[in-house]
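Lettering of chains follows the sequences in order, A, B, ..., and the numbering in each one begins at 1. The figures here come from the full heavy-atom set of this structure, side chains too, leaving out hydrogens, waters and symmetry mates.
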Amino acid sequence: MKKRIRIILWILLGTCLISKGVDAQTIPSISEASEACLECHSQLHPGIVAEWKKSRHAMITPTEALKKPKMERRISTEKVSEQLSKTVIGCAECHNLQAGKHKDTFDHNGFKVHIVVTPSDCATCHSIEVQQYDKSLMSHAYGNLTRNTLYQDLINSINGIQTFELMKTTLKSPDTETQLDSCIYCHGSEVKVKSVKTRKTNMGDMEFPLLLGWPNQGVGRLNPDGSKGSCAACHTRHQFTIEMARSPYTCSQCHKGPDVPAYKVYEVSKHGNIHSSLGKGWNFNAVPWTVGKDFTAPTCATCHVSLIVNEDQEVIVERTHQMNDRSAWRLFGLIYAHAHPKTPDTTIIKNKAGLPLPTELTGESVGRYLIDIKEQEKRKATMQRVCQSCHSQYWVEGQWSRFENTIKTTNDLTLTATKILLMAWEKEAAKGLAQKDSIFNEAIEKKWVEQWLFYANSTRFASAMMGADYGVFANGRWYMSKNIQEMFDWLEFKLQSMPEKKDKKEKK
Amino acid sequence: MKKRIRIILWILLGTCLISKGVDAQTIPSISEASEACLECHSQLHPGIVAEWKKSRHAMITPTEALKKPKMERRISTEKVSEQLSKTVIGCAECHNLQAGKHKDTFDHNGFKVHIVVTPSDCATCHSIEVQQYDKSLMSHAYGNLTRNTLYQDLINSINGIQTFELMKTTLKSPDTETQLDSCIYCHGSEVKVKSVKTRKTNMGDMEFPLLLGWPNQGVGRLNPDGSKGSCAACHTRHQFTIEMARSPYTCSQCHKGPDVPAYKVYEVSKHGNIHSSLGKGWNFNAVPWTVGKDFTAPTCATCHVSLIVNEDQEVIVERTHQMNDRSAWRLFGLIYAHAHPKTPDTTIIKNKAGLPLPTELTGESVGRYLIDIKEQEKRKATMQRVCQSCHSQYWVEGQWSRFENTIKTTNDLTLTATKILLMAWEKEAAKGLAQKDSIFNEAIEKKWVEQWLFYANSTRFASAMMGADYGVFANGRWYMSKNIQEMFDWLEFKLQSMPEKKDKKEKK
Amino acid sequence: MKKRIRIILWILLGTCLISKGVDAQTIPSISEASEACLECHSQLHPGIVAEWKKSRHAMITPTEALKKPKMERRISTEKVSEQLSKTVIGCAECHNLQAGKHKDTFDHNGFKVHIVVTPSDCATCHSIEVQQYDKSLMSHAYGNLTRNTLYQDLINSINGIQTFELMKTTLKSPDTETQLDSCIYCHGSEVKVKSVKTRKTNMGDMEFPLLLGWPNQGVGRLNPDGSKGSCAACHTRHQFTIEMARSPYTCSQCHKGPDVPAYKVYEVSKHGNIHSSLGKGWNFNAVPWTVGKDFTAPTCATCHVSLIVNEDQEVIVERTHQMNDRSAWRLFGLIYAHAHPKTPDTTIIKNKAGLPLPTELTGESVGRYLIDIKEQEKRKATMQRVCQSCHSQYWVEGQWSRFENTIKTTNDLTLTATKILLMAWEKEAAKGLAQKDSIFNEAIEKKWVEQWLFYANSTRFASAMMGADYGVFANGRWYMSKNIQEMFDWLEFKLQSMPEKKDKKEKK
């Protein structure tokens with residue numbers, strides 16, 4: 001009897017420990033430098049210190065981490081420096097790292113501390129992930145947006161301050177703070193050291209660098225050490241839990257608006273429904289992540305990022321932080337959906353008309369900058385391996401065929417809206433490219449933007465992830481259909497109310 | 001002491017088992033046929049096999065299931081055939097069932113397998129639920145939509161491809177893939193065998209039927225065996241957990257768009273708030289479902305579907321899969337909210353003007369096709385028994401009175417929008433019934449559709465489920481009020497810009 | 001070995017009890033009066049009785065509650081009357097309290113029962129919270145809305161019934177039931193005794209008071225005892241769990257619409273993401289609430305209401321039920337965002353033009369009714385103490401600077417829309433103040449309302465809580481920019497179509 005009791009007890013205890021996601025082990029040591037940080041900062045910022053204590057970083061040393069079988073490892077470097085390998089990853093291990101490289105490094109109680117921990121720092125242990133991320137569109141999100149003259153114009157038209165005087169509206173360029181509060185919040189800011197500022201503290205006067213563009217955790221942040229991106233965008237500091245990066249809520253931070261309603265679509269899809277209904281029983285912490293055992297429906301990470309295996313530990317898909325190498329199509333229409341760009345830096349792209357767009361205004365892809373069919377087929381095959389964990393090949397092909405048809409029809413409906421706009425420009429009902437005017441500032445142009453940025457995008461995401469109503473009444477086909485009629489109506493009204501302009505022209 | 005330890009241990013162990021929703025028992029056997037399936041398919045599709053293993057189907061035989069007290073049973077048939085009763089419900093038990101009836105049956109390694117498991121298959125054990133479901137509007141969702149000429153026109157206007165040439169817009173009929181990706185996704189497709197296709201597999205060349213309209217899990221799917229619907233729409237395969245069917249997220253798959261925002265309303269209602277805040281501690285698996293003990297606020301299923309009892313096991317409401325037999329009113333306005341139709345096949349309905357609608361264009365109900373007051377009272381009484389589990393009779397009456405008033409006022413506001421549209425047609429500002437033109441294709445008509453399909457519906461759902469803002473600023477009364485003014489403005493502008501038309505008419 | 005087993009067992013058992021949030025103790029007694037209630041009502045309304053049984057009210061007597069260290073107490077009164085102190089808080093303890101004060105008190109089986117339990121009743125044990133709540137804008141939400149002539153006009157324009165006859169729209173005032181179903185649902189109703197009604201029950205004929213304005217749990221409800229508010233708005237009856245009041249879903253009941261999308265913004269913010277991803281492991285029941293230990297990201301309550309401490313039990317912020325005393329700015333624009341009003345009764349406010357608004361139509365604050373900079377600084381400092389639990393001072397200052405800049409720019413963009421409207425009124429393209437017409441009833445006016453009520457508000461909430469897309473494409477700056485162009489277009493079209501009016505004027 002006693003033996004039986006003991007066995008049951010160990011099972012129960014084991015369950016407790018496993019549910020914490022931690023193997024039983026002795027508590028590992030914290031470096032002296034990190035202990036020094038904690039002495040003050042656990043008082044000053046108790047929240048983040050407590051978060052960190054709950055993190056894997058606080059529980060395991062790189063040496064221990066490297067002992068795990070390769071597939072179970074959460075670090076991808078093969079060797080960690082002697083200095084870093086014996087203690088857990090505390091404050092100093094990240095914030096004192098490579099001090100010379102960081103322009104925001106400052107002297108702080110005898111330590112060289114930098115504020116902004118960057119992918120270059122994380123690469124010390126997570127080198128492969130950072131290399132992959134460098135190839136992602138996300139890591140270039142700042143430059144791709146702000147160094148594209150057309151997108152810059154779109155930003156100005158949204159974030160600028162319009163005024164109204166003497167029956168005219170005028171647009172003032174947006175201020176920096178508005179940019180940081182708006183597009184740049186997700187795309188990432190350029191973080192620069194402005195000056196050094198002295199501040200009174202409990203420890204006496206102390207100097208701190210004053211940063212421009214801070215705070216920011218955007219995916220394409222330009223860091224003071226010259227690196228791009230912020231791992232904390234998804235791996236939220238200071239708990240850095242893989243559970244959170246795999247949670248669809250993380251992606252929703254940036255992918256929920258009408259321009260890119262991926263999370264909203266997921267939420268009402270069968271997959272999202274399974275996650276919402278049953279996900280509380282899943283194991284979001286396991287590495288590798290076993291389909292069926294650890295989870296019974298995909299989250300965003302399952303399809304786009306994570307290392308997925310079956311119960312025999314056979315790899316279904318390898319982990320990737322390039323994010324788009326399982327995606328054949330770039331659904332997000334600029335202005336039309338198209339094959340993904342070859343390089344993550346899209347500022348090199350120019351269409352035949354000289355516009356910095358991956359398609360012509362009339363929809364044709366600018367082929368030489370985009371991946372070819374062969375690469376598309378490869379990416380599709382990778383993605384479909386995930387699908388086929390639960391669905392038959394015919395099932396997947398049927399779904400895929402609808403999806404690619406929807407890419408085509410939504411592009412067609414964007415073209416129709418574009419043609420109405422081109423007519424408006426031609427008839428001078430609005431001012432466009434020929435008049436060297438912004439193509440985003442007038443009411444009719446804004447309706448055109450919504451056709452592709454909101455409605456065509458929504459319809460495509462709904463098709464890709466089977467969230468049907470986002471392809472119908474919830475910013476889907478209903479709105480594309482209505483928007484075309486409203487643009488058409490506007491053009492008719494406008495042309496009828498333009499006798500004066502016509503007269504003026506005739507006089508010329 | 002030892003005895004005490006043992007008791008506590010058994011309590012703890014019991015808690016573990018109960019939390020898994022499974023009574024302690026010997027592992028039941030899997031049929032030879034299903035074992036044969038699993039041999040390959042647990043490799044090919046590890047996800048669904050793992051899901052099935054977590055299902056009740058994989059854990060209990062029909063014989064065991066029938067031993068339970070009637071109220072706790074999850075199967076409603078009184079007797080299961082000898083052949084099916086001794087093993088758990090595995091792959092073969094469903095996919096090999098009634099092979100002769102299924103047009104998608106094919107020879108597969110010596111078995112007669114069909115792809116699409118249908119309500120007729122499920123009825124083998126769940127006969128009463130399938131009978132009830134056959135009486136639901138949901139099971140007829142395909143035909144009711146696609147065989148109604150008016151709704152068909154609405155679909156075309158949404159899913160069709162509009163083009164713009166020579167200052168005119170033209171509408172092309174939608175292709176089949178778009179339909180499947182759009183309305184049909186929720187309503188259900190017609191699944192037909194197109195041909196047989198040979199495919200190379202690891203086991204050599206194999207033949208599979210190629211299905212049209214597949215994949216699809218819509219509630220009104222027309223199946224290759226002639227049956228209607230898909231139980232998997234709510235009882236998601238292959239875990240089939242009752243927990244999920246009772247979860248509001250399941251309903252949100254189809255009931256979240258602006259046309260039928262039931263889930264969105266629920267989410268911000270007091271009931272939804274209790275569910276979101278405290279639902280993680282509820283027992284979603286208990287049969288019967290005990291109010292207060294298992295849950296402390298209703299989900300969609302509580303009010304509309306489930307068998308609900310009190311702690312003395314007295315029945316508050318019986319289980320129903322007709323879905324609308326606790327609902328006195330059909331809130332979803334077509335074009336106006338009205339009493340529920342008598343029969344689930346609504347294609348028989350015609351109003352006085354000959355339109356296939358349950359009300360006239362001016363709001364009067366087409367009484368002979370709709371349930372009478374007596375039936376409405378009966379349904380209301382059933383629903384109110386659920387309400388009164390937690391609310392006093394006066395509370396419920398007060399709520400109900402507001403709700404019926406809102407049905408009336410939203411119908412009134414639909415009428416106002418309709419009158420503006422009728423005037424537009426009369427004055428030939430738009431082309432309508434008299435001109436034998438679509439009543440859904442022009443901008444003003446689309447505004448009219450939003451009045452009833454989005455705003456009046458949203459307001460009514462908000463009233464029914466106390467999700468107030470969906471009756472005010474979130475697609476509620478604010479939008480009805482604004483839409484009327486915008487339709488009115490449009491009509492005024494249009495009439496003023498129509499001198500040519502007027503002249504032409506005068507010349508005639 | 002045995003000892004070890006025992007220790008583990010007690011740990012496990014302790015975990016079970018702690019997870020129930022209840023200290024092990026003997027089951028406390030229920031008063032005779034409450035026992036009498038339960039005798040019938042546990043049959044009549046099993047749901048609420050079961051809820052109550054799960055509540056802290058059912059588990060602990062005031063005497064026991066008062067024994068706790070002050071910081072852990074959930075009751076704020078120092079002494080509870082002899083009569084109430086020895087039993088748990090059951091039905092009678094609340095519904096029989098202060099019978100003479102409640103106009104809805106009625107004789108019920110020998111007891112003086114009132115239906116509507118009010119803040120005055122709750123104050124018996126929770127006196128400080130009720131005192132604070134009396135100072136909140138929420139407790140005045142009924143009068144502040146319904147006794148402001150301008151807001152009353154806005155309500156009428158939304159809830160009234162518009163009709164269309166003879167090319168004119170007419171507005172009928174809304175009926176009472178619509179008001180209760182709409183704005184009043186959240187703001188709170190005026191609950192009055194209409195009459196006494198006799199109803200047949202299982203116990204024979206019984207008399208009950210018939211209440212007007214019932215049911216309602218709005219935050220500013222006017223109660224039959226003259227008190228204001230409903231604690232149950234957030235502390236949902238009859239479980240009254242602090243877990244629920246701290247849950248963001250509770251706030252979403254009223255703060256999710258496009259006018260005040262606080263919950264929507266929170267949901268996609270980093271804080272909301274942490275809550276959604278990891279919140280299931282948090283302790284929502286602890287009093288006081290320890291940052292880092294009990295939770296690792298704030299919910300609404302953390303920043304605006306709760307008593308927050310660090311792990312040394314040092315107070316970071318005191319509990320408040322005034323709600324706005326950590327808020328320097330009233331983000332909700334009426335019509336512009338502004339400093340919070342000094343007094344919770346805002347019906348005393350009048351601007352220079354005599355309108356009951358805290359700002360002029362052109363944006364200037366009506367200073368004498370609003371808190372001054374010193375009070376703003378104090379509130380800001382309180383709020384920032386919460387921020388600094390996890391963020392450095394510079395981080396917080398950077399965030400705050402953007403936030404205040406956004407208040408300014410959104411006010412600027414409201415002004416631009418207002419100027420277009422003023423021009424429309426001046427040119428008689430619409431009828432406004434000068435014409436003594438409603439400023440909310442015409443299409444152009446409704447567009448203007450959306451500028452501040454939807455888009456500027458959304459942008460400000462997004463800025464305050466870092467939910468970026470609600471400041472860009474999701475009802476944010478994109479819509480402000482588009483709305484200005486559409487208002488401008490409308491004005492141009494309208495002026496061009498107004499020759500008749502001009503002629504008429506000239507003739508005068």
Under 4.5 Å from a heavy atom of chain A, the part of [X] involved:
| X | value |
| --- | --- |
| C/Phe403 | neither |
| C/Ile420 | both |
| C/Asn483 | neither |
| C/Ile274 | both |

Which of the residues [options] is involved in the greatest number of heavy-atom pairs with chain A at under 4.5 angstrom?
| options | value |
| --- | --- |
| C/Leu491, C/Asn405, C/Ile316, C/Thr409 | C/Asn405 |
| C/His391, C/Lys427, C/Glu492 | C/His391 |
| C/Asp412, C/Thr406, C/Leu278 | C/Leu278 |

Under a 4.5 Å heavy-atom cut-off, does chain C meet the side chain of [X], its backbone, both or neither?
| X | answer |
| --- | --- |
| A/Asp175 | side chain |
| A/Thr241 | side chain |
| A/Leu210 | side chain |
| A/Ile184 | neither |
| A/Lys197 | both |
| A/Ala232 | backbone |
| A/Leu211 | neither |

Could you measure the distance from the [atom1] atom of [X] to the [atom2] atom of [Y]? Nearest 0.5 Å is fine.
| X | Y | atom1 | atom2 | value |
| --- | --- | --- | --- | --- |
| C/Gln399 | A/Asn216 | CD | CG | 11.0 Å |
| A/Phe164 | C/Met423 | CZ | CE | 4.5 Å |
| C/Cys390 | A/Leu44 | SG | CG | 12.5 Å |
| A/Asn441 | C/Ile484 | CG | CD1 | 12.5 Å |
| A/Lys446 | C/Glu486 | NZ | CD | 9.5 Å |
| C/Asp489 | A/Ile444 | CG | CD1 | 8.5 Å |

A/Asp181 and C/Arg477: salt bridge (charged side-chain N to carboxylate O under 4.0 Å, His left out), yes or no, with the steps? CA-CA 11 Å; A/Asp181 201 45; C/Arg477 292 171 177 88; 3.0 Å; yes
Beyond-backbone contact of [X] with [Y], side-chain heavy atoms, under 4.5 angstrom:
| X | Y | result |
| --- | --- | --- |
| A/Gln43 | C/Asn310 | yes |
| A/Gln253 | C/Ser269 | no |
| C/Glu311 | A/Pro46 | no |
| A/Glu445 | C/Gln485 | no |
| C/Trp478 | A/Asn159 | no |
| A/Gln162 | C/Met480 | no |
| A/Lys494 | C/Phe493 | yes |
| C/Asp469 | A/Cys254 | no |

Would C/Thr296 and A/His238 count as a side-chain contact (heavy atoms from CB on, under 4.5 Å) here? Give the steps. CA-CA 10 Å; C/Thr296 56; A/His238 284 93; over 6 Å; no
If you draw the axis of the six-membered ring of A/Tyr185, does the NZ or CZ of C/Arg402 fall within 45° of it and under 6.0 Å from the ring centre?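 Relative to the ring axis of A/Tyr185, which defines the angle, C/Arg402 lies outside at least one limit.
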If you draw the axis of the six-membered ring of C/Tyr470, does the NZ or CZ of A/Lys256 fall within 45° of it and under 6.0 Å from the ring centre?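 No, A/Lys256 does not sit over the ring of C/Tyr470.
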side-chain contact (heavy atoms from CB on, under 4.5 Å) between C/Phe473 and A/Leu453: does it pass, once the steps are laid out? CA-CA 10 Å; C/Phe473 290 122; A/Leu453 192 62; 3.5 Å; yes
Report the option among [options] that has the most heavy-atom pairs separated by less than 4.5 Å from atoms of chain C.
| options | value |
| --- | --- |
| A/Phe208, A/Trp490, A/Phe454 | A/Phe454 |
| A/Gln217, A/Glu442, A/Arg199 | A/Arg199 |
| A/Lys447, A/Met244, A/His255 | A/Met244 |
| A/Gly257, A/Gly47, A/Gly160, A/Pro215 | A/Pro215 |
| A/Ser182, A/Ser247, A/Ala50, A/Ser157 | A/Ser182 |

Under the salt bridge (Lys or Arg N to Asp or Glu O under 4.0 Å) definition, can you give me all pairs with a residue in residues 235-252 of chain A, not counting sequence neighbours?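 Sorted result for residues 235-252 of chain A: A/Glu243-C/Lys280.
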Write down the atom of C/Ser277, the atom of A/Thr250, and the distance for their closest heavy-atom approach.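 Minimum heavy-atom separation between C/Ser277 and A/Thr250: OG-OG1, 4.2 Å.
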Determine, stepwise, if the pair A/Glu177 / C/Ser401 fulfils side-chain hydrogen bond (donor to acceptor under 3.5 Å, both in side chains). CA-CA 8 Å; A/Glu177 304 246 53; C/Ser401 159; 2.5 Å; yes
Atom CG of residue position C/Asp312 - does it have more than 12 heavy atoms of other residues, nucleotides or ligands inside 6.0 Å?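 Yes, enclosed.
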